[in-house]
Amino acid sequence: MKLIQLPTQAFEQRLKQELEENPALEGGKEESDSIDDEFEDSYDDSNESDSEIIATDDINIDDYLSDDEIPDYRTKTNNYSADDEEKNVPYAAGTSFNQYLLNQLNTVYLNDEEWSIAEFLVGSVDESGYIRRPIADITDDLAFTQNIYTEEKTIEKVLKLVQKLDPPGVAARSLEECLIIQLKRKEATPNIELAITILEKSFEQFTKKHYKKLIQKYNISEEQLRDAISEIEKLNPKPGGSYSGNNRVVEHVVPDFSIRIVDGELELTLNGRNAPELHVSREYNNMLKGYKDAKKKSKSQKDTVLFIKQKLDAAKWFIDAIRQRQQTLFITMNSIMHYQSEYFLTGDERNLRPMILKDIADEIQMDVSTVSRVANSKYVDTPYGTKLIKEFFSESMKNDQGEDVSTKEIKKILETVIGEESKKKPLTDDKLAAILKEKGYPIARRTVAKYREQLDIPVARLRKQI
């Protein structure tokens, strides 16, 4: 069950770990001749001098080596991708964001105290490019941790120098300050000056999109306000995120499955990296043969063969577990593909059928938890992009015809309606509910609000544009 839950990359790490820890397990094709040796089920130990008898009569080499030549999990059906080659992508070590800022400080003239303060401020910049802590707290920290006793106005002075570093807007203490710093770095124009004034004196009205109040307050035209807002929209609210050398962890998704349309039919393949070639070590096989052929069997030899048996048991279990993992993955995804065949053939999310984990579990006669492990951690490459499998699951509700429809379908229609609305007068949740009802989806306003939030779409007031 743990192996089933692992996506392709994590599975490869688990496989690597098992190969390192179990010397009886080897990867790649078996190069030796066919195996026809037999290991006797018992041996005569009546002449042994050891007083301790170690039971080894349950060891049968055929149990461990029957899968060597043709592993039964390597089926000949088209379940695996032919593209088994693993491509190694080189990564540059890069420079951290904080180091990038410190390097720029070397070009600024600072005395020893100012340099220590600047270095501390740079160290306080988070990955978004902000300093989130009050100056008073920084003053205390400098005293307690750096033994630097200074005044807040001195820190403010040094902070202004740090805020001149690139990228523009770095080391700001708020979004408002971040945007203003960026605007002041630009060439002064009427639009820029108006934008700075709005941010400095009417930031709350700007964020709440009270455009009529701004027009009246500054006695400007709608076009002038639109131009000023356009300048603000060009700014970067997270200057730290724009630094390409930032050593953040980038997750590379490797699809576990691939679905293609061939002659109008859906074809499913399992990523070849999920189908490794494994076999029992030939060296361990020879050890058992040597033990069988030995006329005298010492206690140390018996201890060795028990160790070998333990490793062979683990190797055999792991190979069997991988086979079961592959079968479960393919059977589960194959069922999902056929259940949602209309979507995979068209790519239209409105064709997604209502589907819950139990629907698939009942069809493949497996536990719901097994289907959940496959759906929550696996990706499938489709003609319409790489998708997380759990995205194909959704609850159902009835339309005005009494038919079950997927909530995914309703969300897609909701997204389309909002996309086509007038941005000068966005639709409220009540109006959206009324439109959906006209289209045959009678859902409450609170349900519309829930779906809108799940789609990361703001309320009507915040969608308004001038």
Side-chain angles (χ1 to χ4, degrees), residues 128 169 174-180 182-183 190-238 241 347-352 354 384-385 391 394-400 405-466:
S128 296
S174 64
L175 174 61
E176 177 184 355
E177 186 177 36
C178 176
L179 299 177
I180 291 172
Q182 294 180 60
L183 286 172
N191 292 336
I192 296 292
E193 291 176 355
L194 177 59
I196 293 173
T197 301
I198 290 173
L199 293 179
E200 287 180 337
K201 300 179 179 180
S202 308
F203 185 72
E204 185 176 355
Q205 289 178 320
F206 165 73
T207 56
K208 292 183 177 180
K209 298 195 174 184
H210 293 162
Y211 296 142
K212 289 184 179 179
K213 292 182 179 179
L214 291 175
I215 291 174
Q216 293 174 356
K217 182 176 182 178
Y218 296 105
N219 192 26
I220 55 177
S221 66
E222 187 175 292
E223 184 178 357
Q224 287 176 304
L225 179 59
R226 186 187 302 113
D227 292 340
I229 292 175
S230 176
E231 294 292 344
I232 297 174
E233 289 176 343
K234 296 175 185 177
L235 306 176
N236 185 357
K238 293 184 179 181
D348 189 344
E349 290 187 5
R350 290 173 294 184
N351 291 331
L352 279 171
Y384 324 106
E391 294 178 0
S394 63
E395 298 291 339
S396 64
M397 67 163 293
K398 293 188 181 297
N399 60 15
D400 58 357
V405 294
S406 169
T407 54
K408 290 270 188 181
E409 178 181 340
I410 299 173
K411 288 179 183 178
K412 187 65 179 178
I413 294 173
L414 178 63
E415 193 174 24
T416 301
V417 170
I418 292 176
E420 295 174 351
E421 70 184 358
S422 170
K423 297 308 175 184
K424 287 191 174 184
K425 195 175 182 181
L427 299 169
T428 63
D429 290 342
D430 284 321
K431 291 182 179 179
L432 289 171
I435 292 174
L436 287 174
K437 186 176 182 180
E438 291 175 3
K439 292 180 177 290
Y441 304 97
I443 59 177
R445 183 203 62 79
R446 63 178 179 274
T447 306
V448 170
K450 181 178 75 171
Y451 290 167
R452 175 180 52 71
E453 290 171 359
Q454 290 174 351
L455 291 168
D456 289 328
I457 297 175
V459 297
R461 176 174 54 80
L462 296 181
R463 299 199 306 272
K464 184 178 180 181
Q465 296 179 3
I466 190 168

Gap between atom CD of Glu200 and atom CD of Glu177 - 0.5 Å precision:
10.5 Å

Is Lys431 close to Glu421 at the side-chain level, that is, under 4.5 Å between some pair of heavy atoms?
no

State which residues pass side chain to side chain donor-acceptor pair (under 3.5 Å) with Asp348; sequence neighbours excluded, sorted by chain then number.
Arg350

To the nearest 0.5 Å, what is the distance between CG on Asp227 and CD1 on Ile192?
10.5 Å

What are the two closest non-hydrogen atoms of Ala195 and Leu183, and how far apart are they?
CB-CD1, 3.9 Å

Heavy-atom pair of closest approach, residues Lys423 and Ile418
NZ-O, 3.2 Å

If you round to the nearest 0.5 Å, how far is CG of Leu414 from CD1 of Ile443?
7.0 Å

Under 3.5 Å, is there a donor-acceptor pair between the side chain of Gln182 and the main chain of Asn236?
yes

With the threshold set at 4.0 Å, does a side-chain nitrogen-carboxylate oxygen contact exist between Arg226 and Glu222?
yes

When you compare the side chain of Tyr451 with that of Ile457, does any pair of heavy atoms fall below 4.5 Å?
no

Look up atom CD in Gln216 and atom NZ in Lys213, then write down how far apart they are to the nearest 0.5 Å.
9.0 Å

Between Tyr218 and Thr197, the two heavy atoms sitting closest are CE2-CG2, 3.6 Å

Can you find a pair of side-chain heavy atoms, one from Gln224 and one from Ile215, that are under 4.5 Å apart?
no

Separation between CG of Leu175 and CD1 of Ile180, rounded to the nearest 0.5 Å
9.5 Å

Residues Gly169 and Cys178: closest non-hydrogen pair is O-SG, 3.7 Å

Heavy-atom distance under 4.5 Å between the side chains of Lys439 and Val417, does that happen here?
yes

Output the distance between atom CD1 (Ile410) and atom OG1 (Thr447), rounded to the nearest 0.5 Å.
9.0 Å

Heavy atoms only: give me the nearest Ala449-Asp429 pair and the separation to one decimal.
CB-OD2, 3.5 Å

Determine whether Leu225 and Ile198 make a side-chain contact, defined as any pair of heavy atoms from C-beta on separated by less than 4.5 Å.
yes

Step through the shown structure and confirm whether more than 12 heavy atoms of other residues, nucleotides or ligands are within 6.0 Å of NZ on Lys217.
yes

